[in-house]
2 protein chains.
Amino acid sequence: MAKTHPAFVELAEYSKKIQNYESILALLHWDQETHMPQGGIAPRSQQVSLLSGHIHDERTGRKFKAHLEKLIHLSTGKHKVKGLTKQQGVCLREWWKKYMKDTKLPTSFVEEITLVTSEATQIWAVAKKENNFKLFAPFLQKILDLNRKKADILGFSEHPYDPLLENHEPCMTTQKVGVIFDGLKKELTALLKKIVKAKQIDDGFLHKKVSEEKQFEIGKMFLSKLPADPSYSRLDLSSHPFSMSIHPHDSRITTRIIPNAFMSNIFSVLHEGGHMMYEMGLPVEFWGTPLAEAVSLSIHESQSRWWETLIGRNLPFWKHFYPLLQKSYSGLKGVPLERFYRAINKVSPSCIRVEADEVTYCLHVILRFEVEKQLVSGKLPVSDLPEFWNEKMRELLGVTPPTDAQGCLQDIHWALGEFGYFPTYALGNIFAAHFFSAFAKQIPDWDKKISKGDLSFIRDWLKKNIHQWGRTYTSEELAKRVTGKPLSEDAYCTYLKKKYSAIYDL
Amino acid sequence: MAKTHPAFVELAEYSKKIQNYESILALLHWDQETHMPQGGIAPRSQQVSLLSGHIHDERTGRKFKAHLEKLIHLSTGKHKVKGLTKQQGVCLREWWKKYMKDTKLPTSFVEEITLVTSEATQIWAVAKKENNFKLFAPFLQKILDLNRKKADILGFSEHPYDPLLENHEPCMTTQKVGVIFDGLKKELTALLKKIVKAKQIDDGFLHKKVSEEKQFEIGKMFLSKLPADPSYSRLDLSSHPFSMSIHPHDSRITTRIIPNAFMSNIFSVLHEGGHMMYEMGLPVEFWGTPLAEAVSLSIHESQSRWWETLIGRNLPFWKHFYPLLQKSYSGLKGVPLERFYRAINKVSPSCIRVEADEVTYCLHVILRFEVEKQLVSGKLPVSDLPEFWNEKMRELLGVTPPTDAQGCLQDIHWALGEFGYFPTYALGNIFAAHFFSAFAKQIPDWDKKISKGDLSFIRDWLKKNIHQWGRTYTSEELAKRVTGKPLSEDAYCTYLKKKYSAIYDL
């Protein structure tokens with residue numbers, strides 16, 4: 001660091017300080033969802049609000065700006081000083097982008113959206129419980145108006161949905177996602193049509209009751225088999241599974257126990273474990289700078305879906321782990337591996353996104369993408385949403401939600417003010433399969449290795465190709481760097497068609 | 001609040017903000033001792049250090065001072081403005097005291113002591129493990145020098161130990177504590193002499209192995225019987241039991257499981273439960289101001305010892321709870337209540353403070369008080385400490401520690417830089433018995449009520465007489481207000497003599 005510009009050193013220290021506050025905030029959230037006594041909710045809201053505000057002040061304060069200004073032109077993001085290393089350039093680029101984003105939205109706007117979404121979240125919960133869309137509609141309208149205002153403030157040239165999407169997935173546009181999703185929709189609906197006509201799979205043996213203690217024990221067993229240092233992680237229960245990285249050496253994941261669906265717990269552990277291993281694989285020596293930050297939500301999701309689906313719902317994985325699972329849970333005695341494998345991959349169009357299988361999952365996301373675009377552009381009035389939703393469900397999945405609670409009221413995201421978030425769920429799958437195509441080419445015997453229980457070579461590959469780079473590359477650059485090809489839905493469609501043609505004898 | 005001076009309103013808001021940061025810090029500590037993965041320790045130190053520094057900056061910053069100056073003369077603490085309510089006066093008095101204390105020690109000094117104690121704590125652990133006092137001695141010397149410097153900065157007129165003691169127990173002096181401890185020492189050593197000559201109690205049935213799960217379940221059962229809202233608290237395991245109040249509605253306690261001493265877990269729950277109920281009983285409407293803060297460490301300890309000993313080691317309590325315990329743990333079948341009661345009150349002089357019974361506990365504390373006084377005044381050189389310690393142990397307890405690890409190296413307090421803390425452990429017992437004398441007079445059938453399982457009337461009495469006042473009164477004022485008499489060791493000595501004369505047929 002001898003030759004490093006002093007303003008850079010100060011910025012890096014500042015960035016680490018802010019990241020430490022972010023870690024504390026992460027712990028507050030983790031605790032709230034896992035162990036906090038019920039009475040803690042009101043004081044916790046105050047703590048979170050205070051700390052979030054403080055972080056925002058630090059990020060947008062004069063000190064940070066002054067340091068930044070010494071090194072770059074704030075208007076363009078171009079370097080003022082020469083002689084920076086490539087890594088330092090990456091840091092400056094990302095600090096600048098974040099600073100511009102954070103300072104664009106006026107505090108009064110941020111406070112307004114916080115206030116509205118805080119109330120909307122509670123109303124949404126009641127509306128969902130009582131299946132009363134009309135109760136939620138005025139809040140959705142307010143949130144939509146605020147998101148349109150946000151789009152105006154952030155600025156856009158083609159579609160007002162662009163800045164909202166870009167907020168969650170830098171370097172993506174409505175047009176780019178549209179092209180990918182159109183291709184995916186065509187392939188998925190065609191595949192689904194074939195599957196529903198084929199002979200259906202009986203997975204009844206996966207739906208016997210297994211106690212919470214037993215399931216949690218199994219969850220911990222699978223976590224312990226992942227190629228991650230056990231002293232850096234822990235597993236807890238929460239109402240919705242999530243992962244929370246406090247530091248690459250302190251990563252916490254949760255799972256949810258559904259008594260009569262014990263595989264759900266295992267796939268949650270693999271999914272959240274994927275998120276966890278991404279954070280653990282970031283270069284700890286650069287912790288607190290963009291060099292040790294995840295690229296984007298989609299890339300994060302690519303890592304969780306990689307472990308949950310490409311590895312965890314695949315045959316080689318279960319060649320090794322099925323006998324272990326059978327030992328832990330006697331209800332699988334006598335069920336052959338092949339039957340188990342087909343059962344955990346059963347395709348069944350349903351109304352609920354979070355319960356969807358691999359083939360239908362992205363269709364749920366595509367539906368939301370189309371709804372959000374039309375809501376934001378104003379083509380679809382809020383009052384017409386339930387009907388539009390149900391129509392799209394029939395078109396894409398061939399099912400009609402019996403209630404709005406199981407339809408357009410099912411997700412919390414809009415109540416939280418999040419528009420443009422949903423697409424990252426599908427993009428994660430697409431990135432994962434795209435990366436996997438290179439992985440399988442470079443390590444032709446990957447399946448044999450996995451079927452012997454070796455998982456660490458997968459972690460090493462991901463670390464070398466994805467994790468170690470932090471935010472050095474954008475998600476698009478990363479896709480091309482790893483595979484030599486720009487991102488497309490091709491690899492994902494090929495994977496799904498091959499896998500499900502075999503399972504369903506298509 | 002219509003007539004409240006605007007500077008007071010601002011100070012109160014400021015005080016609440018700081019308290020919110022303190023709550024976050026408390027969560028960081030709780031998590032570190034309960035659930036944090038091992039790898040989290042290094043990042044956690046950074047988080048704690050950052051947040052502690054920020055809290056110190058807020059407490060001593062220009063804004064706080066400016067608000068304070070509008071209302072009081074900083075040099076004397078006297079009010080500048082008239083028309084403040086009594087409660088507002090209490091807040092100002094306490095804010096001023098805290099501000100003066102916080103600004104007296106220069107940041108460089110605080111940083112130095114943090115650095116030294118951080119290293120000393122690790123060295124102490126090694127020295128204790130290897131029974132090597134000489135390894136720890138130079139660090140103890142450094143810490144002692146820093147404590148002497150601290151005493152000089154804080155100022156004193158009689159004894160350099162005064163400001164260190166006052167730091168932990170406002171309104172106490174070396175002289176005052178000396179008088180009380182001298183009286184206590186005389187009575188306790190006399191009582192102990194009689195007890196060791198009496199027929200000894202066999203408590204072997206309390207030392208059979210009970211599994212961790214079973215013990216934890218029993219711990220939770222006892223917590224649930226305490227008169228506290230269960231949605232405001234939780235129980236976890238840690239290597240040393242502690243209580244951590246994040247808010248009156250979010251209070252967390254821990255217990256420790258010793259396989260062959262299952263009563264230890266129950267008494268830990270009652271002890272930490274006492275701390276917890278004090279924090280829960282503070283007036284929540286004033287949260288974030290001194291009106292909702294605990295008076296002092298001694299008063300806090302009086303509440304924990306109240307529930308652990310005066311209630312929890314007493315016969316009326318077990319009249320109701322012994323049958324419940326017998327149901328939970330079959331090893332007590334056939335053991336009569338009277339025998340159980342005598343066994344849990346067995347007196348047995350040992351070398352370790354934290355394992356001590358009611359009669360010998362304060363003698364361990366008095367020893368430390370005498371050692372600390374002489375170390376701080378310079379009469380006792382650090383190199384002579386082990387010998388002096390062992391001599392005092394023989395004098396007070398009639399036992400000689402076989403090793404320094406079980407002697408002067410047993411406690412972590414000095415490594416943490418804490419001098420003047422130990423006396424509060426004994427003072428807590430003295431305050432508790434002092435308060436109890438009034439309680440028993442005002443509610444003559446207290447024992448009958450407890451033996452029916454009623455505990456809520458105790459909480460109500462404590463809330464009315466102690467908890468609700470926050471820091472309105474000093475500990476001395478509180479002692480006099482509650483009982484009509486100034487604090488002395490009399491009530492405690494009377495209680496111990498009566499109880500143990502009966503148990504040991506003296």
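Lettering follows sequence order; numbering is per chain, from 1.
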Top contributor to chain B interface from A/S233, A/A42, A/P230 [non-hydrogen pairs under 4.5 Å]: A/S233
Contacts with chain A made by residues 17-38 of chain B (heavy-atom distance under 4.5 Å), listed by residue number: B/K17, B/N20, B/Y21, B/S23, B/I24, B/L27, B/L28, B/W30, B/D31, B/H35, B/M36, B/P37, B/Q38
Please assess A/Q46 against B/K16 for the test side-chain contact (heavy atoms from CB on, under 4.5 Å), listing each intermediate value before the final yes or no. CA-CA 10 Å; A/Q46 286 186 27; B/K16 276 178 201 169; over 6 Å; no
Heavy-atom distance under 4.5 Å between the side chains of A/I41 and B/H249, does that happen here? no
